[in-house]
Every structure is written in C-alpha cells, then in structure tokens.
Amino acid sequence: MDFDNGAALGLAAAGLLKEHVLRHKRFVLEAGLTEAELAALEKRFGFEFADDHRALLAEVLPTGRGWPDWRAGDSETLRRQVDWPVEGVLYDVVENDFWYERWGERPSRDEEAVEQAKAHLATVPRMIPIFVHRCLPSGRGTFGYPVLSMHQTDIIHYGFDLLDYVSTEFYPGDPDRPTRHPMPIPFWDDLL
C-alpha cells in the first residue's frame, strides 16, 4: 500500500494503534495534540515533526510506559528522549572508540573528538522518539522514512515507514505486511 502524503500514512498508523488498544489495552490513547501543542513542542525542542509523525500525534496521543509524554511530560525527560540518538553516538565516540570515517581523522583527545562529532551530528537528520528507542527522522514536508531502533551506534530498521513500524511493533508476524526497501536516511543508514 503506497501513500502519497504524510497525513494519510500517519492516520493509517493511528488507526492500527486504535485497533491494538481495543484488542490488548497495553497502553492508552488520548486525544491527539492540537496544532498549537505541536508547534509549541517543535519550538521548545528545535525540530519539526515529519508529516506522518505529526498526523499520527494529531489523531491520537499514545501514553504510558515507553511513549514520550508530549503533552504533560517534564521538559528534562523529553529533552533526554529527543537527544537520545545523538547522545548514544557521542557515548560510543568516547567509550567504544567509534568514529565515522567520513568525519576525517579522529582527534586523539576524547574532548576534541566529541566536539567534532557534535558538529557533524548537527548536520544530519534529527531522529525523534516514537516509542522507547524507536525513532523517526524529523522534518516538515517529509514522510515515509523508516523507523529506526537506536541504541548508541547499534541501529536497525524497525519498519520501512511509520505504518510498517506500528505493524511490526504491535502486530509481529503479520503475514499481510508488504515489504519494500526503506528510503535512505543520511548518516544513520551508514550505521546499520
């Protein structure tokens, strides 16, 4: 099933979440975020939700363990969740000697390596949490990107788009799921 806009993709994913909650009641769905709430979050954290992610959150707001509390969460917790992907890479730069070859030669001092890595990471798509450590690239006007499961530089595709992710996460083994090659995400795909 192909979607030609982010709103349709996000609404389809929201529909699957509603169906899951009716069957399993593992989490709660609240009323979706208003346009004002979405805009305030984007301003506070310095990113724009992708169109499919935005449409899902405008339709329903999943709450409970593992979901970012976009409406009532404290800023510090949300900031940690939003910063999780970059902080994970920086952790690996220091603790696991990670260095992305396209960044050039790694500085010998960890502090300098972290500063250079931060500068490079500021130029790549920002990954926004959906559920636990599953993330989707940010960016108004974008949709259909894969959801990545991210733990430091251990990254895997967890859905070729938002709808496939919801299906994968909450309906594992569904034989009706179509498959296709995910759209590339600069830098992050190189860590797969």
Side-chain angles (χ1 to χ4, degrees), residues 6 9 13 41-54 56-57 62 65-70 73-170 172 177 179-192:
L9 186 59
L41 285 164
E42 291 172 333
K43 183 177 181 180
R44 182 178 349 153
F45 296 108
F47 70 85
E48 292 182 322
F49 288 102
D51 293 355
D52 43 2
H53 195 180
R54 173 179 273 276
L56 181 144
L57 293 173
R65 186 173 179 199
W67 296 99
D69 189 351
W70 294 114
D74 68 89
S75 287
E76 185 178 316
T77 299
L78 283 169
R79 172 63 65 199
R80 277 195 311 271
Q81 290 172 307
V82 168
D83 291 346
W84 167 268
V86 166
E87 290 301 319
V89 172
L90 297 176
Y91 177 87
D92 275 357
V93 165
V94 173
E95 298 298 328
N96 297 311
D97 207 30
F98 170 78
W99 193 252
Y100 185 56
E101 63 185 34
R102 293 186 188 167
W103 292 346
E105 188 174 335
R106 185 188 197 283
S108 57
R109 293 187 44 229
D110 285 343
E111 297 81 15
E112 293 172 9
V114 166
E115 288 308 310
Q116 280 191 29
K118 281 182 184 179
H120 289 291
L121 291 167
T123 68
V124 303
R126 199 110 175 247
M127 301 301 292
I128 307 304
I130 297 172
F131 178 68
V132 191
H133 53 274
R134 314 289 196 247
C135 300
L136 187 67
S138 65
R140 185 73 60 89
T142 67
F143 69 94
Y145 281 93
V147 172
L148 302 181
S149 179
M150 308 179 80
H151 184 75
Q152 295 159 223
T153 54
D154 181 11
I155 298 174
I156 62 170
H157 281 122
Y158 217 79
F160 62 77
D161 62 24
L162 184 59
L163 180 59
D164 183 56
Y165 160 70
V166 169
S167 180
T168 299
E169 186 78 63
F170 301 106
R177 279 186 28 234
T179 58
R180 65 178 172 84
H181 185 72
M183 290 179 14
I185 304 172
F187 173 76
W188 300 106
D189 272 3
D190 293 343
L191 303 184
L192 294 169

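None of these values were measured; they are calculated from a predicted model. All residue numbers refer to positions in the sequence shown, counting from 1.
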Got a sec, which residues hit side-chain contact (heavy atoms from CB on, under 4.5 Å) with [X], two or more places apart in sequence or on another chain?
{"X": "L192", "value": "L148, I155, H157, D189"}
{"X": "V132", "value": "none"}
{"X": "S149", "value": "H133, R134, I156, Y158"}
{"X": "E115", "value": "K118"}

> Can you name the ring-ring contact (aromatic ring centres under 6.0 Å, His included) partners of F45, sequence neighbours left out?
Replying inline: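 By the ring-ring contact (aromatic ring centres under 6.0 Å, His included) rule, F45 matches no residue at all.
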>> The criterion is ring-ring contact (aromatic ring centres under 6.0 Å, His included); which residues satisfy it with W188, sequence neighbours excluded?
In response: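 For W188 there are no ring-ring contact (aromatic ring centres under 6.0 Å, His included) partners, ignoring immediate neighbours.
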>> Show me the pairs that pass salt bridge (Lys or Arg N to Asp or Glu O under 4.0 Å) and involve residues 146-156, at least two apart or across chains.
In response: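 Every candidate salt bridge (Lys or Arg N to Asp or Glu O under 4.0 Å) pair involving residues 146-156 fails, so no pair, neighbours aside, qualifies.
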> Which of these passes side-chain contact (heavy atoms from CB on, under 4.5 Å) with L163: L9, L56, V147, D52?
Replying inline: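 Considering L9, L56, V147, D52, a side-chain contact (heavy atoms from CB on, under 4.5 Å) with L163 is found only for L9.
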Among residues at least two apart in sequence or on other chains, which ones pass side-chain hydrogen bond (donor to acceptor under 3.5 Å, both in side chains) with [X]?
{"X": "Y145", "result": "none"}
{"X": "R140", "result": "E42"}
{"X": "T123", "result": "none"}
{"X": "E76", "result": "R80"}

> Once the angle between the rings of W70 and F49 is folded into 0 to 90°, is it parallel (under 30°), tilted (30 to 60°) or perpendicular (over 60°)?
Replying inline: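 Rings of W70 and F49: perpendicular, over 60°.
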>> Using a strict threshold of under 4.0 Å (side-chain N to carboxylate O), is an ion pair present between D69 and R65?
In response: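 The answer is no: the pair does not qualify as a salt bridge.
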Taking the side chain as every heavy atom from C-beta outward, state whether [X] and [Y] have any atom pair closer than 4.5 Å.
{"X": "I130", "Y": "C135", "value": "no"}
{"X": "V93", "Y": "D110", "value": "no"}
{"X": "P125", "Y": "I185", "value": "yes"}

> In chain order, what residues pass the salt bridge (charged side-chain N to carboxylate O under 4.0 Å, His left out) check against E101, with sequence neighbours excluded?
Replying inline: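 For E101, no residue satisfies salt bridge (charged side-chain N to carboxylate O under 4.0 Å, His left out) once neighbours in sequence are set aside.
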>> Under 3.5 Å, is there a donor on one side chain and an acceptor on the other for Y165 and E169?
In response: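 Present: a donor and an acceptor within the cut-off.
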> Does a donor on one side chain sit under 3.5 Å from an acceptor on the other, for D74 and T77?
Replying inline: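 T77 and D74 do have a side-chain donor-acceptor pair below 3.5 Å.
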